[in-house]
Amino acid sequence: PEPYVEIHPADAAPLGIAEGRLTRVQTRHGEAIAVARLSDRQRPGSVFLPMHWTTAYAPQGRANPLVAPKVDPRSGQPEFKHTPARVRPYRETWRGFFLTRASLAKPAGLDLVWRRIPQAGCQLHEFAGRGDAEERETLRRVLVRGASGDLLRFEDAGAGALREAWLDQGRLSHLLFTTVAGTLPPRDWLAGLFAPPDLGPAERGALLVGRPPG
């Protein structure tokens with residue numbers, strides 16, 4: 001569903017790279033940021049980064065800009081397997097996700113790691129940054145611009161957590177979760193709430209918790 005970089009656990013451990021965390025991959029030619037996947041299927045000393053994402057889905061997750069502009073004279077195959085790379089944690093200070101019916105591009109002027117993942121009834125936008133509360137609020141204003149209807153909101157300033165849900169005539173239209181130090185809930189159930197024409201009391205009560213009632 002989103003760009004990843006596969007690394008052998010023996011390589012990841014001394015670098016401080018953990019499963020599922022954002023990881024920076026740098027070469028002489030460019031840089032990419034993707035989610036780390038630790039696997040002993042990957043040869044130690046090498047990393048694997050798929051090339052199938054474009055700027056429409058993951059502006060910072062593309063593999064092609066990392067590779068030297070040299071190709072095999074017969075096949076045209078790029079030098080994917082001969083590109084030295086440096087790998088290290090991204091070390092974001094906050095992260096979050098935004099669900100809405102429309103697909104959004106990465107907001108201009110914000111230094112964010114941005115990924116868009118299409119869902120059945122909505123678009124999931126995952127993001128992370130290394131800024132402060134002002135950066136988070138700037139992004140929030142951009143994302144919920146034009147939202148109307150009933151607002152459900154939970155905020156814990158001490159933990160740097162914010163959760164907002166907008167319901168337009170009872171139907172979920174926008175959902176924003178951000179956190180500084182806490183965890184984020186699974187997205188599947190939340191994405192499924194965009195399908196019903198109206199959310200019942202149980203779903204509304206559990207919405208900002210991030211998991212189904214009960």
Side-chain angles (χ1 to χ4, degrees), residues 1-99 103-120 123-132 135-136 139 178-181 183-184 186-188 191:
E2 62 179 311
Y4 66 90
V5 54
E6 192 171 82
I7 310 170
H8 194 280
D11 290 333
L15 296 172
I17 295 173
E19 173 73 25
R21 299 309 302 265
L22 289 175
T23 302
R24 187 188 300 269
V25 183
Q26 292 176 305
T27 73
R28 290 180 56 191
H29 312 282
E31 175 181 292
I33 301 172
V35 172
R37 284 189 182 176
L38 274 54
S39 173
D40 56 11
R41 298 176 305 174
Q42 182 60 43
R43 185 175 63 182
S46 298
V47 297
F48 171 70
L49 185 68
M51 63 179 181
H52 304 290
W53 284 272
T54 66
T55 54
Y57 295 95
Q60 295 97 334
R62 298 177 299 135
N64 289 357
L66 306 183
V67 181
K70 299 177 182 178
V71 298
D72 180 84
R74 291 180 178 271
S75 68
Q77 174 73 17
E79 234 180 6
F80 282 111
K81 297 182 180 180
H82 300 278
T83 301
R86 179 188 184 192
V87 184
R88 55 196 173 101
Y90 175 68
R91 303 193 190 283
E92 69 274 16
T93 57
W94 67 277
R95 55 200 176 92
F97 63 86
F98 182 64
L99 286 158
S103 60
L104 303 176
K106 177 180 174 291
L110 289 175
D111 185 17
L112 302 174
V113 179
W114 181 271
R115 292 100 70 207
R116 176 168 68 87
I117 306 169
Q119 306 292 304
Q123 298 285 326
L124 168 61
H125 305 83
E126 299 270 355
F127 42 79
R130 303 206 291 186
D132 54 13
E135 181 180 67
R136 300 196 299 275
L139 176 63
T178 61
T179 186
V180 171
T183 59
L184 293 169
R187 317 324 187 229
D188 294 348

Not counting sequence neighbours, list each pair that qualifies as a salt bridge (Lys or Arg N to Asp or Glu O under 4.0 Å) and has a residue in residues 39-55.
->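 Sorted result for residues 39-55: Glu6-Arg41.
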
May I ask you to say whether Arg130 pairs ionically with Glu135, meaning some side-chain N is under 4.0 Å from a carboxylate O?
->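 Answer for the salt bridge query: no.
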
[atom1] of [X] to [atom2] of [Y]: how many Å apart, nearest 0.5 Å?
X	Y	atom1	atom2	result
Arg86	Leu15	CZ	CG	9.5 Å
Leu49	Thr83	CG	OG1	11.0 Å
Thr179	Phe97	OG1	CZ	10.5 Å
Arg95	Phe127	CZ	CZ	11.5 Å
Ile7	Glu19	CD1	CD	9.5 Å

Other residues, nucleotides, ligands: >12 heavy atoms within 6.0 Å of Asp72 CG |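 Enclosed: over 12 neighbouring heavy atoms sit under 6.0 Å from CG of Asp72.
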
Above 12 or not: heavy atoms from other molecules or residues under 6.0 Å from OH of Tyr57?
->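 Atom OH in Tyr57 is not crowded, with 12 or fewer foreign heavy atoms closer than 6.0 Å.
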
Is there a side-chain contact between [X] and [Y], using heavy atoms and a 4.5 Å cut-off?
X	Y	answer
Trp114	His125	yes
Gln123	Leu104	no
Pro1	Arg115	no
Arg24	Arg91	no
Val35	Glu2	yes
Leu139	Trp94	yes

Output, in order, the C-alpha distance, side-chain angles, deciding distance and verdict of side-chain contact (heavy atoms from CB on, under 4.5 Å) for Gln119 and Arg187.
-> CA-CA 10 Å; Gln119 306 292 304; Arg187 317 324 187 229; 5.7 Å; no

Closest non-hydrogen atom pair, [X] against [Y]:
X	Y	result
Leu66	Ala32	CD2-N, 3.7 Å
Ala85	Val25	CB-CG1, 4.2 Å
Ala18	Ala36	O-CB, 3.5 Å
Leu22	Ala128	CD1-CB, 3.5 Å
Glu126	Ile117	CG-CD1, 4.1 Å
Ser46	Asp11	N-OD2, 4.2 Å

Quick one: do His82 and Lys70 satisfy side-chain contact (heavy atoms from CB on, under 4.5 Å)? Show the steps, please.
-> CA-CA 10 Å; His82 300 278; Lys70 299 177 182 178; over 6 Å; no

Tell me, with the steps shown, if Arg62 and Asn64 meet side-chain contact (heavy atoms from CB on, under 4.5 Å).
-> CA-CA 6 Å; Arg62 298 177 299 135; Asn64 289 357; 5.7 Å; no

Has the side chain of Thr27 got a donor or acceptor atom that lies under 3.5 Å from a matching backbone atom of Pro84?
->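 Such a contact is absent between Thr27 side chain and Pro84 backbone.
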
Check whether any side-chain N or O of Glu92 sits under 3.5 Å from a backbone N or O of Arg21 as a donor-acceptor pair, and report yes or no.
->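 Answer holds: no.
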
For Arg88 and Gln26, what are the C-alpha separation, side-chain angles and deciding distance, and is it a side-chain hydrogen bond (donor to acceptor under 3.5 Å, both in side chains)?
-> CA-CA 9 Å; Arg88 55 196 173 101; Gln26 292 176 305; 3.1 Å; yes

